[in-house]
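Report on one structure; see the data block that follows.
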Amino acid sequence: MKALVYEGPRKVVVKEMPDAKIERPTDVLVRITTTNICGSDLHMYEGRTNMETGRILGHENLGVVMEVGGGVERIKVGDRVCLPFNIGCGFCKNCERGLTGFCLTANPGMAGAAYGFAGMGPYSGGQAEYLRVPFGDFNCLVLPPDAEEKENDYVMLSDIFPTGYHATVLAGVEPGDSVAIYGAGPVGLMAAMSASIKGASKVMVVDSHPDRLALAEKLGAIPIDDSDGSSAEQILEMTGGEGADRGCECVGYQCSCKGHEVPNATMNNLIKAVRPTGGIGVVGVFVAEDPKADDKLAKEGRLALDFGQLWMKGQHIATGQANVKAYNRKLRDLIAAGKAKPSQIISHELPLEKAPEGYEHFDKRDDGWTKVVLKAAA
Ligand code: NAD
Ligand code: ZN
């Protein structure tokens, strides 16, 4: 099969790889039709993780079931399914509680497994013609009859829509809240959409890319340009000096300030911009070690946090991978009902063969390259 393979920093190629196949009776084999490039792929693409060369990337996957293992009961050949980026077993202590981003058995020794992801198990990614889906009955989200027509919406259920929603859950967003979101990448934009769905009274989105801020505005948010590093002050001003009720971190450890990576920039801005006793939800990825960081602390996965401020303000912080399965069913139903249209942030639709081009432009945050979806139909 054709697949996109990581061959080293900023080097990905589409080439022939052995076909994905059923390996266990509980597996499902999916023919991928749409698969996205994610901001998380960029950490790997840039060589800022311990991703092994020779592996297939891609964790935002949707396709048609081709074959099911002998132990699969629910999923049928021909079903159109969207796959959560995290792989859960369904029966461990965390999966039972809905915390499928922290499955204890799919990646032994670690909490959490995913397709084509550094440190999240041996599973191949779906930027390929075929994908092996472990624990198929548990992981496949079956799509409704309009699946083909709304494929570009439903594929966002694999990651960024539930992840943006998760940011608002971690932050504790409730109807009427004002919400400050750092990052107008796909995840931040989905957090903005989710905050509105949850009834936020005011959604403010911070970034320094004009094209991405324009998209945030299109989604009904107030765009805040942080080019001069004044975002926290701007948010305070817009909230009568009090601060936003809730804050979402949708950038992660490679966040920057005036063109340079400053790993604590977004977290300390959020502590400043969120009101006393407010909540901060962090879905942007932070890593346990980042040897290639310029910052001495960041090399060891540490952050100089304004903890005294946070404590004095009585704020809470919640973090982590999104438990996609906790939300994807109800978000699917919002799409089906025409009440959410996550595809509106897509900027480019490319055939799988052109994935390396997509990576290059998306990685440079080139003007207008917000979200790339790859069409992989075999
Ligand atoms: P992205 O890189 O396209 O978007 C990040 C945006 O943040 C960019 O537009 C960038 O300009 C902006 N930014 C950089 N520094 C900033 C700062 N100081 N203040 C405000 N904005 C700043 O990526 P994405 O796809 O939107 O993903 C965002 C993060 O979410 C990544 O770290 C990704 O790995 C992570 N992620 C986490 C999960 C999860 O389950 N927790 C899932 C998907 C993605
Ligand atoms: Zn992703």
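Side chains are part of it too, since the values below use all heavy atoms of this structure and drop only hydrogens, waters and symmetry mates. Every number for a ligand or one of its atoms is a count from 1 in the order of the listing.
What sits closest to atom 6 (C) of ligand 1 on the protein, heavy atoms only, is Asp207 OD2, 3.6 Å. Residue, atom and distance of the protein heavy atom nearest to atom 25 (O) of ligand 1 are Gly39 N, 3.0 Å. The protein atom (non-hydrogen) at minimum distance from atom 36 (N) of ligand 1 is Ser40 OG, 3.5 Å. Scanning the protein for heavy atoms near atom 30 (O) of ligand 1, the closest one is Gly284 CA, 3.7 Å. The protein non-hydrogen atom at the shortest distance from atom 19 (N) of ligand 1 is Tyr182 CD2, 3.6 Å. Closest to atom 3 (O) of ligand 1, if we only count protein heavy atoms, is Arg212 NH1, 2.9 Å. Of the protein's non-hydrogen atoms, Gln321 OE1, 3.4 Å is the one closest to atom 39 (C) of ligand 1. Protein heavy atom at the shortest distance from atom 42 (C) of ligand 1 is Asp159 OD1, 3.1 Å.
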Between Met44 and Leu57, is a side chain to side chain contact (heavy atoms under 4.5 Å, CB included) present by the stated rule, with each step listed?
CA-CA 9 Å; Met44 293 180 270; Leu57 299 182; 4.2 Å; yes
Applying side-chain hydrogen bond (donor to acceptor under 3.5 Å, both in side chains), run through Ser208 and Asp226 and close with a yes or a no.
CA-CA 5 Å; Ser208 54; Asp226 193 42; over 6 Å; no
Could you check Ser231 against Tyr182 for side-chain hydrogen bond (donor to acceptor under 3.5 Å, both in side chains), going step by step and ending with a plain yes or no?
CA-CA 9 Å; Ser231 56; Tyr182 273 75; 2.7 Å; yes
Do Asn61 and Thr35 pass the side-chain hydrogen bond (donor to acceptor under 3.5 Å, both in side chains) test, and can you show the C-alpha distance, the side-chain angles, and the key distance before you say yes or no?
CA-CA 5 Å; Asn61 305 311; Thr35 173; 2.9 Å; yes
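In this structure, Phe135 and Phe91 have perpendicular ring planes: the angle between them is above 60°, well past the 30° mark. Ring geometry, Tyr253 versus His43: the interplanar angle falls from 30° to 60°, so the pair is classed tilted.
In summary, the atoms of ligand 1 found under 4.0 Å from a heavy atom of Gly183, numbered by their order in the structure, are 7 (O), 20 (C), 21 (N). For ligand 1, the atoms sitting less than 4.0 Å from at least one non-hydrogen atom of Phe85 are 40 (O), numbered in the order shown with element in parentheses. Remark: ligand 1 atoms within the under-4.0 Å shell around heavy atoms of Cys255 are 15 (N). In summary, the atoms of ligand 1 found under 4.0 Å from a heavy atom of Thr266, numbered by their order in the structure, are 17 (C), 18 (N), 19 (N). Close contacts of ligand 1 with His43, meaning ligand atoms under 4.0 Å from a residue heavy atom, involve 31 (C), 32 (O), 33 (C), 34 (O). Heavy-atom proximity to Pro186, at under 4.0 Å, picks out these atoms of ligand 1: 3 (O), 24 (P), 25 (O), 26 (O).
Counting heavy atoms closer than 4.0 Å to ligand 1, residue Arg365 contributes side-chain atoms (C-beta onward) but none from N, CA, C or O. Under 4.0 angstrom from ligand 1, the non-hydrogen atoms of Val285 come from both its backbone and its side chain. With a 4.0 Å heavy-atom cut-off, ligand 1 is reached by the side chain of His209 but not by its N, CA, C or O. Contacts of Asn269 with ligand 1, taken as heavy-atom pairs under 4.0 Å, are absent altogether. With a 4.0 Å cut-off on non-hydrogen atoms, His166 does not touch ligand 1 at all. In Phe362, the part holding a heavy atom less than 4.0 Å from any atom of ligand 1 is the side chain.
Protein N/O/S atoms closer to the Zn ion (ligand 2) than 2.8 Å number 4 in this structure.
For His59 and Tyr115, the ring centers sit 6.0 Å or farther from each other.
Put simply, no part of Cys257 is less than 4.0 Å from ligand 1, judged by heavy atoms. Under the 4.0 angstrom criterion for non-hydrogen atoms, Gly320 is in contact with ligand 1. Under the 4.0 angstrom criterion for non-hydrogen atoms, Ile160 is not in contact with ligand 1.
One finds a salt bridge joining Glu151 and Arg80 here, because a Lys/Arg side-chain nitrogen approaches an Asp/Glu carboxylate oxygen to under 4.0 Å. Between Asp207 and Arg212 there is no salt bridge, since none of the side-chain N atoms of the basic residue sits less than 4.0 Å from a carboxylate O of the acidic one. Taking the charged nitrogens against the carboxylate oxygens, Asp290 and Lys299 have no contact shorter than 4.0 Å, which rules out a salt bridge. Classification of Lys198 and Glu174 as a salt-bridged pair fails, no side-chain N sitting under 4.0 Å from a carboxylate O. In summary, Arg10 and Asp363 engage in a salt bridge, as defined by a charged side-chain N under 4.0 Å from a carboxylate O.
The environment of Asp146 atom CG is dense: over 12 non-hydrogen atoms of other residues, nucleotides or ligands sit within 6.0 angstrom. Residue Glu73 qualifies as open at atom CD: its count of foreign heavy atoms under 6.0 Å is 12 or below. The neighbour count for Arg97 CZ, taken as heavy atoms of other residues, nucleotides or ligands under 6.0 Å away, does not exceed 12.
Ranked by closest heavy atom to atom 17 (C) of ligand 1, the top entry among Ser256, Ser208, Pro162 is Ser256. For atom 31 (C) of ligand 1, the nearest non-hydrogen atom from the set Val251, Val283, Asn264, Val187 comes from Val251. Residue Cys250 holds the heavy atom nearest to atom 5 (C) of ligand 1 of all those in Gly188, Ala322, Cys250. For the residues Ile37, Asn36, Thr163, the heavy atom positioned nearest atom 38 (C) of ligand 1 is part of Thr163.
Phe286 pairs by the ring pair (Phe, Tyr, Trp, His ring centres under 6.0 Å) definition with nothing, not counting sequence neighbours.
Taking all atoms of both residues into account, the shortest heavy-atom contact from Cys248 to Ala171 is SG-CB, 4.2 Å.
Just one residue in the list Lys15, Lys375, Lys2 forms a salt bridge (charged side-chain N to carboxylate O under 4.0 Å, His left out) with Glu353, and that residue is Lys2.
Here the side chains of Val283 and Val187 are in contact, with some heavy-atom distance below 4.5 Å.
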